[in-house]
Amino acid sequence: MQVNDGKVRVRFAPSPTGYLHIGGARTALFNWLFARKNNGTMILRIEDTDRERSTMEDVDRIIESLHWLGLNWDEGPFFQSERKDIYRQYAQKLLDHDLAYYSDEERGEHKAIIFKIPHEKVVVDDCIHGKMEFDNSLIKDLVIFKSDGFPTYNFACVVDDALMGITHIIRGDDHISNTPKQIPLYDALGFPVPKFAHVPLILGKDKKRLSKRHGATSVQAYEQEGYLPQALVNFLALLGWSPGDDREIMSLDDLIGAFKLEGISSSNSVFDDEKLKWMNGNYIAQLPFEKYKEQVMPYLNCAMNGSINASCETVDYILRLMQSRTRLLSDIGELTGYFFNDEFEYDAKAVEKRLLKPGVIELLQNIAQTLEKIEDFTEHSTEQALRDFVEKNQISGGAVIHPTRVALTGVMTGPGLFEIMFALGKEKTIARLKRTVDFIQTLGVS
RNA sequence: GACCCCAUCGUCUAGUCUGGCCUAGGACACAGGGUUUUCAUCCCUGCAACAGGGGUUCGAAUCCCCUUGGGGUCGCCA
C-alpha cells in the first residue's frame with residue numbers, strides 16, 4: 001500500500017453521511033478519469049470518522065451510485081473507522097516531538113489532541129489555480145483527535161493520503177482552506193506533500209452552491225428519473241472541464257483519452273439540467289432498440305400499474321415509435337398513455353382547435369365508416385383509404401388527419417396517425433372515433 | 001467581518017499560460033425556415049458575451065492594478 005513508483009495514485013474519499021450527490025460524483029469522475037488516463041490507481045476511501053452521522057446504508061448507496069455511473073476503483077474501500085490505531089500512532093509521534101499537545105478541556109472520555117500550527121506563510125501550487133498563498137499566523141491550532149477518540153478529518157486525511165501514496169489530491173474547491181492546515185501536517189509527519197487540484201464547485205440556477213434546496217441532487221434521484229449513466233457522466237465531465245475542442249457527446253473512452261487537469265476550469269459552474277435532458281435524449285435515441293425497451297419497460301409498467309405485457313408485439317411497435325421522443329425514461333407513461341387507456345382525457349386545447357369545428361362530428365362518422373370497410377387494417381391500407389377519402393371529398397389531408405388524431409389520442413402530438421391506428425387496431429380505432437363523436441355531442445356542439 | 005478563490009452569450013464552454021490569426025468559435029435553450037399529416041428526430045438561419053475603470057503595449061478577451069459582483073472557508077463536521 002505504500003508503494004509509489006512514480007505512478008499516479010488518486011482517491012475518492014466520500015463521507016457516508018448521505019447519498020452520493022452530483023458534486024461528489026463529478027469529483028469521483030475527475031479522479032477516475034485522471035487515474036485511467038495516466039494508467040494510475042484509483043482508491044476508494046470511506047471517511048467515516050464522524051460516528052454520529054456515518055451509516056453503513058450510506059456507504060452502500062454511494063457504492064451503488066458509483067457502480068451505476070460505471071466508475072470503479074483498484075484499491076479499497078478503506079474505512080477510516082478501522083484505522084484508528086494508525087492515526088493514534090502518528091498523533092503520538094507529534095506529541096513526542098512536542099508538535100502537538102493535549103487539550104485541557106474535558107469533553108469526553110479522551111482528551112483532544114491539538115496540533116501546533118506553525119506561524120508561517122504556506123504556498124500551494126495548485127494544478128488548477130496556480131500559486132495560492134496563506135498566512136498561517138492567522139489560524140488557530142488544529143484539533144487532530146477528538147475527545148471521542150476518533151481523528152478529525154484533516155488529520156486522518158493527511159495520514160491516509162500519505163500512507164496510501166496519493167500523488168494528486170483532486171477535490172472540491174471548498175477544501176482550499178483546509179490545504180494550508182494540512183501542509184504543515186505533512187511536514188511535521190515527514191511526509192512528502194502531494195499535488196493538489198481544487199475543482200470549482202457546482203452551483204444551482206440561483207448561483208448558490210448546489211444543495212437539497214435545488215431539488216434532486218443525488219445520483220440516485222437522476223437514476224430514478226430516467227437518466228442514463230452515460231448521459232450523466234458525459235454531462236458532468238463537461239461541467240467544469242473541456243476537452244479543448246468542440247466535442248460534446250463523448251463516451252467514457254473519449255473522455256479518458258482527452259482528460260487533462262489543465263482542462264478543468266477555474267470558475268464555478270451552474271448546473272443546468274436542460275442540457276442534460278438534451279444529452280439524455282441523445283443517448284436514448286442511440287440505444288439499440290432492445291436495450292431501450294429493457295430500460296424503459298420498468299417505467300412503463302410503473303405508469304400503467306404493471307399491466308403491460310412485454311412480449312406483446314404491439315408494445316414493441318409502440319415503443320419503437322417512442323424511442324426518438326423519449327428524453328427521460330420516466331416520460332414514457334405520458335408519451336404512451338392513450339395507447340393503453342381507452343378512457344383517456346381530451347386535451348382542452350386540442351378539443352378547441354381540432355374538434356369544436358363545424359362538421360367534425362359528421363367527418364369523424366364518415367371516417368369511421370370508411371375504415372370499417374378495410375379488411376386488412378395496416379398503416380398502408382388505412383392511409384390509402386383516408387387519402388382516397390380526402391380526394392373524393394375535395395378536402396385537405398390535414399382537415400382529416402388532425403381531428404382524427406385528437407379523436408384517437410386526445411392530444412395533438414405524437415407518432416404518425418397511421419402508425420397510431422395500426423397500433424390501436426381496427427376495433428379500438430373505430431370505437432374511439434365513436435367515443436369522440438359522443439364526447440363532442442355532450443359539449444353541445446354539432 | 002477576516003482569509004481565500006473566481007469573473008467570455010440566459011446556461012455549459014473554446015480562446016487567456018506562450019498578447020496580433022477574435023468584426024470572439026461550439027453546444028443547450030430560445031426564435032425563424034426546410035423535411036414530416038402533427039410531435040420528436042434531422043438540416044439551415046438568426047438572437048446573444050469579453051463586469052466596470054485605469055494602466056503596460058504599435059496592438060489586450062488575453063499581462064498588471066483598482067472597483068464591483070459572485071462563490072468558498074472560518075467546528076473536537078467532513
Side-chain angles (χ1 to χ4, degrees), chain A residues 13-18 47-50 52-54 80 103 105 107-108 110-114 124 126 128-130 132-136 138-140 142-157 171-181 198 200-203 205-209 235 238-249 262-263 265-279 281-282 285 321-327 335 350 354 383 386-387 390 396-402 404-406 409 411-418 420:
Chain A
S15 76
T17 54
E47 308 216 324
D48 56 352
T49 51
D50 183 339
E52 299 278 298
R53 298 195 300 145
S54 299
Q80 288 189 326
S103 163
E105 239 179 282
R107 279 209 215 175
H110 308 260
K111 285 207 158 178
I113 302 173
I114 299 173
V124 183
D126 189 273
I128 295 168
H129 297 281
M132 300 188 289
E133 209 179 304
F134 304 86
D135 182 359
N136 272 359
L138 263 30
I139 62 175
K140 290 188 295 183
L142 188 68
V143 175
I144 57 174
F145 254 86
K146 303 180 274 182
S147 39
D148 66 357
F150 282 84
T152 59
Y153 162 74
N154 278 304
F155 189 64
C157 183
R171 55 166 33 157
D173 245 357
D174 50 339
H175 286 289
I176 284 181
S177 52
N178 283 320
T179 313
K181 298 174 185 172
H198 286 99
L201 301 179
I202 298 177
L203 311 178
K205 283 187 185 60
D206 57 359
K207 308 249 181 164
K208 298 288 182 201
R209 187 180 177 164
F235 178 75
L238 260 24
L239 239 204
W241 173 80
S242 159
D245 53 40
D246 287 343
R247 281 180 290 174
E248 299 276 348
I249 301 291
E262 300 80 73
S265 115
S266 50
S267 56
N268 294 341
S269 28
V270 172
F271 189 90
D272 171 23
D273 53 1
E274 272 308 319
K275 189 162 181 173
L276 173 56
K277 280 181 189 152
W278 163 76
M279 207 169 249
N282 212 300
L321 297 176
M322 292 306 168
Q323 188 167 353
S324 72
R325 295 172 170 81
T326 313
R327 294 182 82 200
L335 244 26
R354 302 298 185 198
E383 174 158 15
L386 286 200
R387 297 284 178 211
V390 159
S396 72
V400 169
I401 287 166
H402 296 312
T404 306
R405 167 188 298 284
V406 176
T409 68
V411 292
M412 292 190 284
T413 62
L417 179 63
F418 306 106
I420 293 173

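Labels below follow one simple rule: chain letters A, B, ... track the order of the sequence lines, proteins then strands, and each chain is numbered from 1.
- We find that CD of A:Glu262 is positioned 13 Å from P of B:U16, with the value rounded to whole Å.
- For A:Asp135 and B:C3, the CG to C1' distance is 9 Å, given to the nearest whole Å.
- For B:C12, the OP1/OP2 oxygens have no side-chain nitrogen or oxygen of A:Ser242 closer than 4.0 Å.
- Figure legend. B:U57 is base-paired to no nucleotide; pairs are counted as Watson-Crick or G-U wobble with both atom distances under 3.5 Å.
- Closest to the side chain of A:Val270, from the set B:U13, B:U11, B:C6, is B:U11.
- Counting non-hydrogen atoms under 4.0 angstrom, A:Gly240 reaches the backbone sugars and phosphates but no base.
- At the phosphate of B:A7, OP1 or OP2 sits under 4.0 Å from a side-chain N or O atom of A:Ser266.
- Among the heavy atoms of the strands lying under 4.0 Å from A:Ser15 are primed sugar atoms or P, OP1, OP2 only; no base atom is included.
- A gap of 10 Å separates the C1' atoms of B:C63 and B:U16, to the nearest Å.
- Heavy atoms of A:Pro415 sit under 4.0 angstrom from at least one base atom.
- B:C47 and B:G26 are spaced 12 Å apart, taking the P atom of each and rounding to whole Å.
- Inter-residue side-chain proximity for A:Asn282 and A:Ile249 is flagged as met; some heavy-atom pair is nearer than 4.5 Å.
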(message) Base contacts versus sugar-phosphate-only contacts with protein, heavy atoms under 4.0 Å: please encode nucleotides 70-76 of chain B as B, S and - from 5' to 3'.
(response) -SSS-SB

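- For the atom pair OG1 of A:Thr179 and CE of A:Met132, the computed distance is 6.0 Å after rounding to the nearest 0.5 Å.
- Within the 4.0 Å cut-off from OP1 or OP2 of B:C5, not a single side-chain nitrogen or oxygen of A:Ser267 is found.
- Separating the C1' atom of B:A14 from that of B:G53 is a span of 27 Å, rounded to the nearest Å.
- The residues A:Asp206 and A:Lys208 are annotated as not salt-bridged, no charged nitrogen and carboxylate oxygen being separated by less than 4.0 angstrom.
- Residue A:Ser324 places a side-chain atom within donor-acceptor reach of the base of B:A40, judged by atom type and a 3.5 Å distance cut-off alone.
- Electrostatic pairing of A:Arg209 and A:Asp174 counts as a salt bridge here, judged by a charged N lying under 4.0 Å from a carboxylate O.
- Distance CD (A:Glu383) to C1' (B:U37): 9 Å, rounded to an integer number of Å.
- Atom name C1', nucleotides B:A78 and B:U41: the rounded distance is 46 Å, in whole Å.
- Across all strands shown, B:A2 forms a Watson-Crick or G-U wobble pair with B:U73, both key distances being under 3.5 Å.
- Remark: A:Lys181 NZ to A:Ile144 CD1 distance equals 14.0 Å, nearest 0.5 Å.
- For the P atoms, the distance linking B:C4 with B:C66 amounts to 12 Å, nearest Å.
- To the nearest angstrom, C1' of B:A14 lies 11 Å from CG of A:Leu238.
- In this structure, the CG atom of A:Leu239 is 8 Å from the P atom of B:C12, given to the nearest Å.
- Residue contacts shown for A:Gly398 are absent, as no nucleic acid heavy atom lies under 4.0 Å away.
- Rounding to the nearest 0.5 angstrom, the gap separating the CG atom in A:Asp50 from the OG1 atom in A:Thr152 is 11.5 Å.
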(request) Evaluate ring pair (Phe, Tyr, Trp, His ring centres under 6.0 Å) for A:His110 paired with A:Phe150, printing each intermediate quantity in order. (result) CA-CA 9 Å; A:His110 308 260; A:Phe150 282 84; 8.8 Å; no

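- As a whole-Å value, the separation of A:Met279 CE from B:U11 P is 18 Å.
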(request) If a protein heavy atom is under 4.0 Å from the base, mark B; if only from the sugar-phosphate, S; if neither, -; do that for nucleotides 24-32 of chain B going 5' to 3'. (result) -BBBSS---

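- Using a 4.0 Å heavy-atom distance criterion, A:Gly397 is classed as making no nucleic acid contact.
- Closest non-hydrogen pair, A:Ala350 versus A:Met412, comes out as CB-CG, 3.6 Å.
- Atoms CG (A:Asp126) and P (B:C5) sit 10 Å apart, rounded to a whole Å.
- A straight line from CZ of A:Phe271 to C1' of B:U13 spans 16 Å, rounded to a whole angstrom.
- Counting any heavy atom pair closer than 4.0 Å across all strands shown, A:Phe134 reaches sugar-phosphate atoms only and no base atom.
- Place A:Gln80 and A:Ser269 on RNA chain B by their nearest nucleotides, and A:Ser269 ends up nearer the 5' end.
- A:Met132 comes within contact range of the sugar-phosphate backbone alone, with a heavy-atom separation under 4.0 Å but no base atom that close.
- Residues A:Asp173 and A:His198 have side chains that never bring a donor and an acceptor to within less than 3.5 angstrom of each other.
- Distance check on atom P: B:U68 versus B:C58 gives 32 Å, rounded to whole Å.
- B:U62 and B:A24 have their P atoms separated by 16 Å, with the value rounded to a whole Å.
- Across all strands shown, B:A40 has no partner, as no Watson-Crick or G-U wobble contact with both distances under 3.5 Å is found.
- Between A:Leu201 and A:Asn268 the shortest heavy-atom distance is N-OD1, 3.0 Å.
- By the 4.0 Å N-to-carboxylate-O rule, A:Glu274 lies too far from A:Lys205 to be salt-bridged with it.
- With a 3.5 Å ceiling on both atom-pair distances, the Watson-Crick or G-U wobble partner of B:U68 is B:A7.
- Ion pair A:Lys277/A:Asp272 not flagged as a salt bridge, since none of the NZ, NE, NH1 or NH2 atoms sits closer than 4.0 Å to an Asp/Glu carboxylate oxygen.
- Taking atom P in both B:U73 and B:C42, the straight-line distance is 40 Å, to the nearest Å.
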